[in-house]
Each structure stands twice: as structure tokens, then as C-alpha cells.
Amino acid sequence: MNVAFAKRVLHTENPVGQRFRGGRSWPFTEVIGVVEDGKYETLTESRQPVVFWSILQSYNSTSTLEVKSSVPPLQMVGEIRQAIARLDPELPIYGAGPLQQMLGFAFFPTQAAALALSSFGVLAIVLAATGIHGLAAYAVSRRTRESASAWRSERSRFR
């Protein structure tokens, strides 16, 4: 379970050893550990209570393995594939790759929005600069006509 579950359901910060009603096939479930809250669906979600079940007691086809290593990511993926193949050659492995690659899909909406907003910002700056340039050009052209007509009238006065 996570910290949010411990606080909201069991009303304590350290529930290890406590039991609560509700489980897969048992009337009571004993808490054996607590993990920090995380993001489980999207990057913008709020904290939500979650219970984690042992894979040996409850099969889940979407189980994941996360490894932290100083070895380069692609080399580590190969070594993990070999280790799993030695344990069970029939076990399929899907979506193995470095964390940046795995998070690419999660960050896509944010990156797309940032790109779109940046494009609109650049377009707004170009339109503003064009408008200011046009206004300045119009004002200069009006002043040029005024000074040209004033020069002609002064010239005709001295003739």
C-alpha cells in the first residue's frame, strides 16, 4: 500500500503489521510494507490510495520490472532479457527500454502543448512587429507629405 492509503483508510502513518478487511480471496489482509505515493495513471493526477498485491498471490499481466543501474540502458536491457530467458524461456517481454523512452508517451501531451503555445507566441510576436512597422511606416509617409508640401509653399513664397 502507499502512504495515501495508510492515512485515508487506516488513519495512521505506519500501518505495518495491521490488518484491514478487503482483499482478493482472504477476509483480512496484513500490511507488510508502505511505499511513497506516486503517479499511477497520469502525471497530473492527485494522490490516491493504492494497494499492491504480491505477484505470487495475485497474477497481473501488466507487472513491470524497474531496474536502476550504472550500466548503459541498452546494455542493461539486453542483460535483463538474458536473465529472464534463463529463468523462463517462454516468458514474453514487452516494452523493454530506458526510462526516457518509456516516459516519452507520458510526456507527449505536455510537450505537444508547449510546442503549440510556443508557435502561437512566435506568431503573435511576428504579427505585433508587423503592425508596429506598418504604423511607423504610415506615420513617416504622412510626415513626408507634410514636409514636402511645406517645402513647396515656402519655395513659392520666395519666388
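All values below come from the heavy atoms of this structure, side chains included, with hydrogens, waters and symmetry mates left out.
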Do other residues, nucleotides or ligands put more than 12 heavy atoms under 6.0 Å from the [atom1] atom of [X]?
X: Q100; atom1: CD; result: no
X: E36; atom1: CD; result: no
X: L123; atom1: CG; result: yes

Closest non-hydrogen atom pair between [X] and [Y], with its separation:
X: N2; Y: P49; value: OD1-CA, 3.6 Å
X: I93; Y: A96; value: CG2-CB, 4.1 Å
X: V31; Y: P15; value: CB-O, 3.5 Å

Hey, could you give me the [atom1]/[atom2] distance between [X] and [Y], rounded to the nearest 0.5 Å?
X: L91; Y: R81; atom1: CG; atom2: CZ; result: 11.0 Å
X: I80; Y: E66; atom1: CD1; atom2: CD; result: 10.5 Å
X: L135; Y: T130; atom1: CG; atom2: OG1; result: 12.5 Å
X: E79; Y: S69; atom1: CD; atom2: OG; result: 7.5 Å
X: L99; Y: K68; atom1: CG; atom2: NZ; result: 11.0 Å
X: L127; Y: F120; atom1: CG; atom2: CZ; result: 11.5 Å

- Cluster check M76, L74: I/L/V/M/F/W/Y, side chain < 4.5 angstrom: no
- ILVMFWY cluster, V71 and I84 together (side-chain gap under 4.5 Å): yes
- Stepwise side chain to side chain contact (heavy atoms under 4.5 Å, CB included) test for M1 and F20: CA-CA 11 Å; M1 79 174 47; F20 64 95; 3.7 Å; yes
- Message: Could you check whether F52 and F5 have their ring centres less than 6.0 Å apart?
- Response: no
- Query: Hey, is the main chain of E45 close enough, under 3.5 Å, to the side chain of K39 for a donor-acceptor pair?
  - Reply: yes
